[in-house]
Amino acid sequence: MNITGTNAYIILDIDGRKVKAEGERVLGGFFAEIKSMQQFEPPHENTPLTDEIKQKYIDEAIKKTAGSHSVIHFV
């Protein structure tokens, strides 16, 4: 998983399929809103983003950032 973003959102990328999660960067990490994860970013926007797939992205992001200086929390 590759994670990029700004102060207002992050992009979670697994094998070129990207999901955007809006939120807020805070000291020590980022709080991402699960409800903002609606669809894949182009060119995969027509691929359904199921709850199972969304959970996979969440789990991977939590696993990748656990114990780091910038932890991602999903709310």
Side-chain angles (χ1 to χ4, degrees):
M1 169 173 277
N2 188 25
I3 303 171
T4 58
T6 68
N7 290 335
Y9 68 85
I10 54 173
I11 302 286
L12 308 174
D13 181 347
I14 297 178
D15 298 327
R17 293 182 184 262
K18 300 175 183 180
V19 175
K20 183 177 184 178
E22 296 176 1
E24 186 172 343
R25 191 173 125 205
V26 295
L27 185 62
F30 189 89
F31 282 91
E33 297 178 17
I34 296 171
K35 66 180 180 181
S36 71
M37 300 169 66
Q38 298 294 320
Q39 65 184 34
F40 286 105
E41 294 294 297
H44 303 286
E45 67 270 15
N46 293 325
T47 303
L49 180 60
T50 64
D51 288 339
E52 293 80 20
I53 295 171
K54 193 182 299 187
Q55 190 61 50
K56 177 183 175 186
Y57 277 74
I58 291 169
D59 293 343
E60 288 290 322
I62 291 171
K63 179 180 171 184
K64 181 170 182 159
T65 63
S68 73
H69 67 280
S70 184
V71 178
I72 297 176
H73 302 277
F74 289 87
V75 292

Hydrophobic cluster (4.5 angstrom, side-chain heavy atoms) - remaining members for Y9: I11
Nearest non-hydrogen partners of L12 and I10, listed with the distance: CD2-CD1, 3.8 Å
Smallest separation among heavy atoms of T47 and F40, with atom names: O-CD1, 3.4 Å
Q39: side chain to side chain contact (heavy atoms under 4.5 Å, CB included) partners, not counting sequence neighbours: E45
Non-neighbouring partners of S36 that pass side chain to side chain contact (heavy atoms under 4.5 Å, CB included), sequence neighbours left out: A21, E22, E33
Cluster overlap I34 with V26, hydrophobic side-chain contacts below 4.5 Å: no
Side chains of L49 and Q38 in contact at under 4.5 Å (non-hydrogen atoms): no
Side chain proximity check, E41 to V19, heavy atoms < 4.5 angstrom: no
Atom pair CD1 (I58) and CD1 (I53), whose distance is rounded to the nearest 0.5 Å: 12.0 Å
Distance (rounded to the nearest 0.5 Å) between K54 NZ and D51 CG: 5.5 Å
D59: side-chain hydrogen bond (donor to acceptor under 3.5 Å, both in side chains) partners, not counting sequence neighbours: Q55
For N7, all residues meeting side-chain hydrogen bond (donor to acceptor under 3.5 Å, both in side chains), sequence neighbours excluded: R25
Donor-acceptor list for residues 60-75 side chains, cut-off 3.5 Å, not counting sequence neighbours:
from: K64; atom 1: NZ; to: M1; atom 2: O; distance (Å): 2.4
from: T65; atom 1: OG1; to: A61; atom 2: O; distance (Å): 3.0
from: T65; atom 1: OG1; to: I72; atom 2: N; distance (Å): 3.2
from: S68; atom 1: OG; to: T65; atom 2: O; distance (Å): 2.7
from: S68; atom 1: OG; to: S70; atom 2: N; distance (Å): 3.3
from: S68; atom 1: OG; to: S70; atom 2: O; distance (Å): 3.2

